[in-house]
Asker: 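Below is a structure I'd like to ask you about.
Position 1 is the first residue of the sequence; numbering continues from there. None of the values given here were measured: they were computed from a predicted structure.
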Amino acid sequence: MGKVKTQPLIIVALLMSSISMALYAYRNYANQEIGNGIVFTVLFLFLFGLVLYSFIRNKKINDEDTK
């Protein structure tokens, strides 16, 4: 059974969600709501990490398929 690639549309959706989480975090820090800002910062880092992981995984699978 081969490895399954992450769909590009899902990667784009995760990227958009991570950008919106970063904007929410910035808005909360600007309003002195530090607790909410930390939560949205952690969510941003998690979602952006998923984007990077998916991109690297897809690239690695493509490289294995071309060999």
Side-chain angles (χ1 to χ4, degrees):
M1 186 166 151
K3 293 184 178 180
V4 178
K5 293 191 320 185
T6 304
Q7 293 294 322
L9 189 59
I10 292 175
I11 296 174
V12 170
L14 283 171
L15 182 63
M16 296 294 226
S17 295
S18 68
I19 290 171
S20 69
M21 290 300 129
L23 293 174
Y24 282 133
Y26 175 75
R27 186 188 314 170
N28 283 318
Y29 283 125
N31 291 335
Q32 302 297 320
E33 297 174 356
I34 305 301
N36 288 341
I38 291 171
V39 169
F40 284 119
T41 302
V42 169
L43 286 173
F44 161 73
L45 292 173
F46 176 71
L47 291 176
F48 195 71
L50 283 176
V51 169
L52 290 177
Y53 173 76
S54 299
F55 184 74
I56 292 169
R57 179 181 165 91
N58 282 354
K59 185 169 176 59
K60 194 182 299 184
I61 290 172
N62 282 340
D63 290 344
E64 288 176 0
D65 288 344
T66 57
K67 288 184 180 180

Asker: Residues two or more places apart in sequence or in another chain: which of them pass side chain to side chain contact (heavy atoms under 4.5 Å, CB included) with Leu50?
Answerer: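 For Leu50 the side chain to side chain contact (heavy atoms under 4.5 Å, CB included) partners, ignoring immediate neighbours, are Leu14, Phe46, Leu47.
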
Asker: Going by side-chain contact (heavy atoms from CB on, under 4.5 Å), Val51 matches just one of Ile19, Leu15, Ile56. Which one?
Answerer: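 Checked Ile19, Leu15, Ile56 against Val51; only one passes side-chain contact (heavy atoms from CB on, under 4.5 Å): Leu15.
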
Asker: Does atom CD1 (Ile34) have a neighbourhood of more than 12 heavy atoms from anything else shown, all under 6.0 Å?
Answerer: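 Yes, because the 6.0 Å sphere around CD1 of Ile34 holds more than 12 heavy atoms from other groups.
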
Asker: Indicate yes or no: at least one non-hydrogen side-chain atom of Arg27 is less than 4.5 angstrom from one of Glu33.
Answerer: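 A side-chain contact is absent here, since even the closest heavy-atom pair is not under 4.5 Å.
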
Asker: For residues 48-61, which residue pairs qualify under side chain to side chain donor-acceptor pair (under 3.5 Å), counting only residues two or more places apart or in two chains?
Answerer: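 Every pair satisfying side chain to side chain donor-acceptor pair (under 3.5 Å) with a residue in residues 48-61: there are none.
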
Asker: Report yes or no: do Ile11 and Met21 belong to one cluster of Ile/Leu/Val/Met/Phe/Trp/Tyr joined by side chain heavy-atom distances under 4.5 Å?
Answerer: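 Same cluster.
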
Asker: What residue pairs, at least two apart or across chains, pass ring pair (Phe, Tyr, Trp, His ring centres under 6.0 Å) with a residue in residues 22-43?
Answerer: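 Ring pair (Phe, Tyr, Trp, His ring centres under 6.0 Å) check on residues 22-43 returns Tyr24-Phe40.
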
Asker: Sorted by first residue and then second, give each side chain to side chain donor-acceptor pair (under 3.5 Å) pair with at least one member in residues 4-21; sequence neighbours left out.
Answerer: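 Matches after skipping sequence neighbours: Lys5-Asn62.
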
Asker: Gly37 and Ala25: which non-hydrogen atoms are nearest, and at how many Å?
Answerer: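 Distance-wise, the nearest heavy atoms are O-CB, 3.7 Å.
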
Asker: Verify the cluster assignment for Leu43 and Ile10: are they in a single hydrophobic cluster under the rule of side-chain heavy atoms below 4.5 Å apart?
Answerer: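 Linked within one cluster.
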
Asker: Flag yes if Leu45 and Val39 sit in one hydrophobic cluster, no otherwise; membership is Ile, Leu, Val, Met, Phe, Trp, Tyr, and two members link when side-chain heavy atoms are under 4.5 Å apart.
Answerer: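 Yes; Val39 is reachable from Leu45 via cluster members.
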
Asker: How many angstroms lie between OG1 in Thr66 and CD1 in Ile61, if you round to the nearest 0.5 Å?
Answerer: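 It is 12.0 Å, given to the nearest 0.5 Å.
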
Asker: What residues form a side chain to side chain contact (heavy atoms under 4.5 Å, CB included) with Leu52, not counting sequence neighbours?
Answerer: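 Only Phe48 meet the side chain to side chain contact (heavy atoms under 4.5 Å, CB included) criterion with Leu52.
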
